[in-house]
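One structure is given below, encoded as structure tokens.
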There are 2 protein chains.
Amino acid sequence: MEKKRILVVDDEPDVTDLVAYHMGAKGFHVETVNDATASIAKARNYQPDLIILDIMMPHLSGMQICRILRADSRLAKVPILFLTAKAEPHDRIEGLKPGADDYVGKPFSPKELVLRAESILRRVAGPKESTSARLRIGDILLDSETHRVILRGVALELTATEFKLLRLMMERQGRVQTREHLLLNVWNYSTEIETRTVDTHVRRLREKPGPEARWIETIRGVGYRIADKKISA
Amino acid sequence: MEKKRILVVDDEPDVTDLVAYHMGAKGFHVETVNDATASIAKARNYQPDLIILDIMMPHLSGMQICRILRADSRLAKVPILFLTAKAEPHDRIEGLKPGADDYVGKPFSPKELVLRAESILRRVAGPKESTSARLRIGDILLDSETHRVILRGVALELTATEFKLLRLMMERQGRVQTREHLLLNVWNYSTEIETRTVDTHVRRLREKPGPEARWIETIRGVGYRIADKKISA
DNA sequence: AACCGGTGTAACGCGATTGTCACCTCAACA
DNA sequence: TGTTGAGGTGACAATCGCGTTACACCGGTT
């Protein structure tokens, strides 16, 4: 895979440097614009694979830039990763969905940012994983389209988070999922989420089918795994 | 599925390019005419699956082209997607209804245009799920031609929006519909429409049959779904 | 003008969901 | 068999999502 190009649009030199430093270290080619108004032109001839955009800039709203980018035929498909203030009202973040592919709330850890960026690039680049709508392991059946889960013929009522958690584990059938990995994919790797939260949700999942149904195994010191009866070593 | 053909009729090179770029990237085969008068001939031997037509052209009205196309036996059934100015008088937009399958108001986002075009092609091309104007789920009966809905033998009086909403959900029987998806297909993906509007309309739908008829299910944190009693593995 | 049906939006409130903590259990190991 | 730390469990407050109500607007009709 050739080197990925990332364009950072942010007027805070700190953030800009931080991104450049970390992503650069990870093998990305990073360019930076701290003048918001110049960002469009820059983007146009740089043709980045990803744009990291701060929506909290003093003069020109990142939101506006986003719209302009989206309206530009040559840039419309470039994924955008937003940097937002944590205090941002929830609905505003929702509101930027049409343009944004993901967002990271400030303050963020470099690690988080890098992970998210990589995740986006992976997703956009290769839709190789045909995550079929239907998954099945043993007597567990999960249908993403209807959002239904059936275990031993009994329908389970799962919340949104529980559903995502279970689906992730089923997609990686048999393999052990570390808490970190679960946090990264189910939650948006909000750095503020404790890893123990995963435990709680696993517990809630476990008790759904009623007692004495040990379908999610604990791998002590590592993580969790969906029990696959067929593999008995 | 073989490659879909799209014909763009517009005298503005900008728009033309934009469409070509995006749709082309999406795997469509796009041809373009910027001379309105030549469009009919072009259309006739190109035999496109979809025509995107600007009704705001200086010399020849897109409306006239539309009528001519409709009158041509070999093109009459080709769906037409109009590009209209946002400021367009309301009655004019209404006036083109008979010929148009959909329209997008300028300025539009590329994303919007592509989505609408795909939506049309999907609707026209893939009548895999009973194109028939009649849909039935459980004891709900919907007839697109007569524009009637009957639930448990009782006729429901639905407004236009309610009808479209219900039909979309019935077409996607069982599958969960996110608010975004509903907005996209029922409303004209006017980005200005709030997602909560969907809630309100779902509510209005719900109360039509009278109390205690939970036929539309809520999937918390995801969207809505028409109850389909059968749980099949 | 007054009215009215249809539609989109804002505000409020309640219950479900969720993240976190404190405490408990138990497996692993010496 | 005692120690230790990872993981289970129950409880709690904050938050979110959604139902619900009320209201403003817009076109069409009277």
Side-chain angles (χ1 to χ4, degrees), chain A residues 86-95 97 105 147 156-166 176-180 182-184 186-208 210-225, chain B residues 86-95 97 147 156-166 176-180 182-183 186-208 210-225:
Chain A
K86 212 58 173 192
E88 206 71 8
H90 185 267
D91 48 341
R92 255 190 92 187
I93 291 181
E94 277 302 305
K97 276 238 183 103
H147 215 262
L156 299 188
E157 304 257 332
L158 301 188
T159 69
T161 313
E162 286 162 4
F163 190 87
K164 277 195 281 188
L165 181 59
L166 176 58
V176 183
Q177 306 299 312
T178 66
R179 281 158 231 276
E180 281 244 337
L182 292 171
L183 271 181
L184 170 60
V186 174
W187 288 263
N188 271 351
Y189 207 91
S190 316
T191 33
E192 295 147 35
I193 301 262
E194 311 276 330
T195 69
R196 290 305 305 275
T197 298
V198 177
D199 298 31
T200 302
H201 278 271
V202 167
R203 169 171 69 87
R204 285 172 181 153
L205 253 182
R206 276 176 169 159
E207 66 189 13
K208 289 285 172 165
E212 298 307 319
R214 285 279 113 144
W215 51 310
I216 301 179
E217 296 176 356
T218 303
I219 314 298
R220 192 162 241 266
V222 186
Y224 296 99
R225 173 176 76 183
Chain B
K86 212 64 168 188
E88 205 71 8
H90 185 266
D91 49 340
R92 261 190 88 186
I93 292 182
E94 276 306 303
K97 276 248 181 93
H147 214 264
L156 299 188
E157 302 261 333
L158 300 189
T159 68
T161 312
E162 285 163 3
F163 188 85
K164 276 196 281 188
L165 180 59
L166 177 57
V176 182
Q177 307 299 316
T178 65
R179 280 155 231 275
E180 275 230 1
L182 293 170
L183 272 180
V186 174
W187 287 263
N188 274 351
Y189 202 78
S190 321
T191 31
E192 301 142 34
I193 301 261
E194 308 278 328
T195 68
R196 289 304 304 276
T197 298
V198 176
D199 298 32
T200 304
H201 279 271
V202 166
R203 174 185 161 277
R204 286 171 181 153
L205 253 183
R206 276 177 170 159
E207 67 187 10
K208 289 286 174 164
E212 299 308 319
R214 285 278 109 145
W215 50 311
I216 301 179
E217 295 177 359
T218 303
I219 314 297
R220 194 164 236 265
V222 185
Y224 295 100
R225 167 178 80 183

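Naming: A, B, ... by sequence-line order, numbering from 1 per chain.
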Whole angstrom value for the distance that separates [atom2] of [N] from [atom1] of [X]:
X: B/Arg225; N: D/dC18; atom1: CZ; atom2: C1'; result: 16 Å
X: A/Asp199; N: D/dA6; atom1: CG; atom2: P; result: 11 Å
X: B/Leu183; N: C/dT7; atom1: CG; atom2: C1'; result: 14 Å
X: A/Gln177; N: D/dG7; atom1: CD; atom2: C1'; result: 18 Å
X: A/Leu205; N: D/dG7; atom1: CG; atom2: C1'; result: 16 Å

Item to complete: Using a heavy-atom cut-off of under 4.0 Å over every strand shown, decide if B/Ile219 touches base, sugar-phosphate, or nothing.
Response: sugar-phosphate
Worksheet item: Within the pair A/Tyr224 and D/dG8, is there a side-chain N or O less than 4.0 Å away from OP1 or OP2?
Response: yes
Worksheet entry | Under the salt bridge (Lys or Arg N to Asp or Glu O under 4.0 Å) test, residues paired with A/Arg204 that sit two or more places apart | none
Fill in: All salt bridge (Lys or Arg N to Asp or Glu O under 4.0 Å) counterparts of B/Arg220, not counting sequence neighbours
none
Response to the item:
Those residues at least two apart in sequence (or on a different chain) that pass side-chain hydrogen bond (donor to acceptor under 3.5 Å, both in side chains) with A/Arg203 are none
Fill in: Set of residues satisfying side-chain hydrogen bond (donor to acceptor under 3.5 Å, both in side chains) with respect to B/Thr218, sequence neighbours excluded
B/Arg206
Response to the item:
On a heavy-atom basis, the closest approach of A/Leu158 and A/Leu166 is CD1-CD2, 3.8 Å
Worksheet item: Who are the side chain to side chain contact (heavy atoms under 4.5 Å, CB included) partners of A/Thr195, not counting sequence neighbours?
Response: A/Arg179, A/Leu183
Worksheet item: Residues two or more places apart in sequence or in another chain: which of them pass side chain to side chain contact (heavy atoms under 4.5 Å, CB included) with A/Thr159?
Response: A/Thr161, A/Glu162
Fill in: Helix axis bend for the helix from C/dA1-D/dT30 to C/dA30-D/dT1 - C1'-based end axes, five pairs, 10° rounding
20°
Worksheet item: Mind checking what makes ring-ring contact (aromatic ring centres under 6.0 Å, His included) contact with B/Tyr224, not counting sequence neighbours?
Response: none
Discussion item. Output one letter per nucleotide in nucleotides 12-28 of chain C: B when a protein non-hydrogen atom lies under 4.0 Å from the base, S when only the sugar-phosphate is that close, - when neither is.
Written reply: ---BSSBBB--------
